[in-house]
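Since the structure comes first, as C-alpha cells, the remarks are kept for the end.
Chain A is the first sequence line, chain B the second, and so forth, proteins listed ahead of strands; every chain is numbered from 1. Because the structure is predicted, anything quoted here is derived from the model rather than measured.
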Amino acid sequence: MSDSAATLTQDRQKLEMAALSAPAVIFTVAMIAFPVVYTIWLGFQTFSSTGKQSFAGLANYSKLISDYEFWHGLWITIALFVLSLVLQLVFGVWLALVLFHAKRLPGIVRSLFISPFMMPPVVAGMMWLVILDPSLGAANYILQSFGLPPSDWLASPSLVIPTVALIDSWQWTPYVALIVLGGLQSLPTSVYEAAQIDGASAFKTFQRITLPLLLPTIVTAAILRSVDLLRFFDIIYITTQGGPGNASNTLNIYGFRVGFEFFNIGYASALMLTLTAIVFGAVLAFNRLRGAVAW
Amino acid sequence: MKARMLATHVALPVLAIAVSAQAHAADFDWMKFKGKTVAFLANNNPVAQALLTYKADFEKLTGMTLKVDGYQEQQMRQRLVTVMNANSDEVDVFMTLPSREGEQFAAAGWYGDLTAMAKNDVAKDYDPNGLSQALLKAATFNGKLTSMPMNLEGPIFYYRTDIFKKCGLEAPKTIKDVEAAAVKIKACDSAVTPFVSRGLKPAVAYTFSNMLHNVGGSYIANGKSNLCSAKGKEALDTYSRLLRDFGPPGVVNYSFQQISALYRSGRAAMAFESSNELRTVMEGGARLKDTGLLPFPAGEAGQVPTTIGWGMAVSSHSKQPEAAWYFVQWATSPEVQKKMALQGIAPPRPSVAKDPEYRKWIDEEPVRKQWQAALDVLASKGSSEVGYPIVANPASREFIGQAVQDLILKQKPIDQACADADKALDALIAQK
C-alpha cells in the first residue's frame, strides 16, 4: 500500500471513530453545558415574587455586593469549611495511621470505623438532631452524668457552627482516612528501612518521612472534601435550616431559600454561580499546592 | 391591611356556585374521562396520606388512572416551582396552602380557575355549599376560586390536666393565665417544661399569628408593617418570653416534630401546636387520659384563632383541567371527607362534623370531643392570616421568626428587633 493510501485509510478511520463517538460526546457536553449556561442566563434575569421575569443585566451581581446576607453566608461558609477541613484532615490522617499499623484489627472493626460516610447525610443529620436535642437527646444526658453542664448545641448561635463541623467530621473523617490509608500503603519501604538503620524515632520518621511523602495524598483528600464543604447543605438543612437566627446560613442554604422559598430564581442563580466560582477557585488553589508538594 | 377573617362572612359568589351547581348535577357522569391519567403532586402529610388510602376507589369510580407524585412539604414546593416555571403540564392537580402561597401563586397565574367548573360540572351529591364557606373565601383571589378545601386545621392549646391539678391550677382562660400557670408549674414540678411552642424561624408565624391577633395586633397598618406598634411589641414580648423563660432549651430549633415528641413523652405541661398533631401526640396512648385541649386562650381582643386548610388546585398548565377537576371533586366530596375524618383529618364540611358515625368516633374519647370543640371555635372565629397578607408571604414569615428568635436569644432589645423586622417587611410590602 502506498503512503498516500495508508494516510487516507488512517484519516478515514479517524473520521469513523469521531463519528461513532460524537453522539456520546455531544450528549455529555450538552448535559454538563446546558444547566450551566441556563443558570448563567437566569443570573441575568429578575423574577418578581409572582414569577414575572425580565432582563436585569448585572443587577443581581451588583445586589450581591450590598447584600448583608451574602457576606454573612460567605463568612459562615468559609468558617465551616476551614474548621471541618482541619478536623477531617488531622483525624483522617490519625485514623489512617491507626488502621495501617493495627494489622490484626478484625475486618468488622475496620468496617465499623469507616461506616459513617456510607450513611446518607440526611440520615446522619436526623440522627444527630435527636442525639443533640437539648431536652431529649443523649448528648446532654451523657454530659450531665459526668457532672458537666448541658449544652444547647445546635440551638446556640455561638456553638452551631462547631457542632455542625463536628457532625460533618464524624461522617467524613473515615473517607479521608481511606484515601490516606491508600497513600500509606503505596509508600516505598526502602526509606523506612534506611531511617530504621539510622536510628530515627517513630515521631521523627512520621515528621520527616511519612508526612512529606503523604502530602500529595492529603492534598487530594483536601480537594475532594473542599468541593463538598463549600457546597455544605444537607446536614444544616435537616438540623437548623440556617438558624438559630442566621447563625448557620451558609451561601448554599441562603441561595436555596432565595430560589425555592422566595422564588427569586435570578438572584439565587447569581448566588450559586458566585459559589461555583469560589469552589473552582479553591480547587485550583489546592491543585497548585498538589503540584508543589508532588514527589 | 385588614385580616382575612374567616367565619360568618359568607362569600356571595361562592354561594352562587352552590345554588347553580344543582341544575347541572343531573348530567354528571363520573366515567366521562375514562382512560385518562391525572397527575397529582401531593404533600406527603397526614391529609394526603388519608386521602390516598382511597386512591383505588377513585380509579374504580372514574376509570381514570391517578399518578401520585408525593414529597415532603418543602420538596413538593420545589418541584412545583420547577414545573410551573417551565410551563410544564406534568402536574394536573397539586396541594396548596392558600394562607401561605395563595396570593403568590394566584398572582403568578399558577392556579387554574375553578369557578366555572365548580358551578357547571358537579355531581349530585358533591354539595359545594357544604364546604366551609370561610375556607372557600380564603382560596378565592380576585374573584377566582383557586382551590377546594381538604381539611381544617390550626394551632390549639394542649395542656396536662394531671399537672394542672397537682399544681392547683385551672384551665387557662387568658394569655395572662398561661403565663401565670407557667410560673406556678416551674415552681411546682421542675421536671417538666412548663410551655412549648414553635421557635424555629420559618415555623414561628403559624403560632405567633394567633398570639398577635388575640392581643388585638395586626401585621399591617396604613400600608406599613406594624410589629413595632404597642400590640405588636406586646405579642412579640409575650410569645418570646414564654419560650425563653418557660420553654425547653434549644427551643429556637423547635417545630411540630420536636414539640409533639416533647409533649408526648410527658416532659411538657403546655404545648401550643397544630390540631393536626393530635394523632402523633396521642400515639402510644400515654397522653390520652391526661390531656386537655382548648383554642389558644384569649387576649385583649378575645380569641382569634389561626384557621387554615390544605386545598387542592388544578394547574393552569394542565392540558386536561376538566379531568383534573373530577379528581379534585371526588377528593373533596362529602363521602371521601367523611372517610378521612374517621382517620382524624378535621373535615372542612360542617355536615361531616355532625355526621352520626363521625360523632360516634369523636365521643369514643374525651380528648377527641375537646379537639372537635376547639376546631368548632377555629371554624367559627378563625383568621387565615399567617404572616403578612402579601404576595411575598413566605419571606415575611422569615422576618417574623427572626424578630422572635432575636428576643428568645436576647440578641436585641425589643425596640430594635421589631424595628429591624418592620424595615425588612416594609420592603417586602412595597414589592409588586
Side-chain angles (χ1 to χ4, degrees), chain A residues 38 42 45-53 68-69 122 126 128-130 132-137 139-140 144 149-160 163 236-249 253-254 256-269, chain B residues 74-75 77-82 84-85 87 100-101 103-110 192-193 196 199-204 247-255 257-258 261-262 264-265 267-268 390-398 401-406 408-409 411-412 424 428 431-432:
Chain A
Y38 185 57
L42 284 174
Q45 309 295 312
T46 184
F47 292 77
S48 69
S49 300
T50 60
K52 299 280 184 298
Q53 179 187 343
Y68 166 79
E69 286 295 337
V122 174
M126 290 299 292
W128 281 103
L129 186 63
V130 174
L132 298 173
D133 184 286
S135 297
L136 301 169
N140 275 354
Q144 284 171 305
S151 170
D152 278 353
W153 303 110
L154 295 159
S156 157
S158 55
L159 284 181
V160 65
T163 307
I236 290 184
Y237 189 71
I238 294 294
T239 54
T240 68
Q241 297 197 12
N246 57 4
S248 59
N249 207 19
I253 293 277
Y254 179 48
F256 171 82
R257 305 199 92 146
V258 168
F260 289 105
E261 289 183 19
F262 310 151
F263 306 134
N264 191 346
I265 301 289
Y267 188 49
S269 300
Chain B
Q74 190 49 43
Q75 284 67 32
R77 287 204 182 91
Q78 285 167 39
R79 170 102 176 103
L80 189 68
V81 170
T82 310
M84 298 311 266
N85 272 327
N87 296 338
R100 184 186 188 277
E101 62 244 7
E103 295 265 8
Q104 193 168 27
F105 286 10
W110 291 359
V192 295
T193 297
V196 62
L200 187 70
K201 195 163 66 168
V204 161
V251 72
V252 287
N253 280 341
Y254 269 52
S255 187
Q257 301 98 327
Q258 292 79 15
L262 192 75
R264 188 179 56 208
S265 69
R267 296 179 68 172
I390 54 174
V391 168
N393 174 283
S396 80
R397 296 181 183 207
E398 288 282 316
Q402 182 70 57
V404 169
Q405 286 201 345
D406 284 341
I408 293 174
L409 297 167
Q411 292 192 316
K412 289 177 188 170
L428 286 185
Q431 277 179 15
K432 297 295 173 198

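With a threshold of 4.5 angstrom between heavy atoms, A:Leu132 does not approach chain B through any atom at all. In this structure, chain B has heavy atoms under 4.5 Å from both the backbone and the side chain of A:Glu261. Only the backbone of A:Thr239 comes within contact range of chain B, with heavy atoms under 4.5 Å apart. Of the atoms belonging to B:Leu262, heavy atoms from both backbone and side chain fall under 4.5 Å from chain A. With a 4.5 angstrom heavy-atom cutoff, B:Gln402 touches chain A only via side-chain atoms. No part of A:Asn140 comes within reach of chain B, as not one of its non-hydrogen atoms sits under 4.5 angstrom from that chain. Neither the backbone nor the side chain of B:Ala106 has a heavy atom closer than 4.5 Å to any heavy atom of chain A.
Highest contact tally toward chain A, considering only B:Gln257, B:Glu101, B:Gln74, is held by B:Gln74 [criterion: heavy-atom pairs under 4.5 Å]. Counting heavy-atom pairs closer than 4.5 Å to chain A, the top-ranked of the candidates B:Pro202, B:Ser255, B:Ser265 is B:Pro202. Between chain A and the options B:Glu398, B:Arg397, B:Gln258, B:Met84, the largest number of non-hydrogen pairs under 4.5 Å is found for B:Glu398.
With contacts defined as side-chain heavy-atom distances shorter than 4.5 Å, the pair A:Asn246/B:Lys201 qualifies.
Considering all non-hydrogen atoms of both residues, A:Asp152 and B:Pro249 come closest at OD1-CB, 3.6 Å. A:Pro244 approaches B:Val252 most closely through the heavy-atom pair CB-CG2, 3.6 Å. Scanning both residues, A:Ile265 and B:Asn85, for their nearest heavy atoms gives CG1-ND2, 4.0 Å. Considering all non-hydrogen atoms of both residues, A:Pro157 and B:Gln411 come closest at CG-NE2, 3.5 Å. In terms of heavy-atom proximity, B:Pro248 sits nearest to A:Ser135 at CB-OG, 3.3 Å.
A search for salt bridge (Lys or Arg N to Asp or Glu O under 4.0 Å) contacts involving B:Arg79 returns B:Asp69, B:Glu90, not counting sequence neighbours.
Remark: side-chain polar atoms of B:Arg267 are not paired, donor with acceptor, to backbone N or O of A:Leu136 under 3.5 angstrom.
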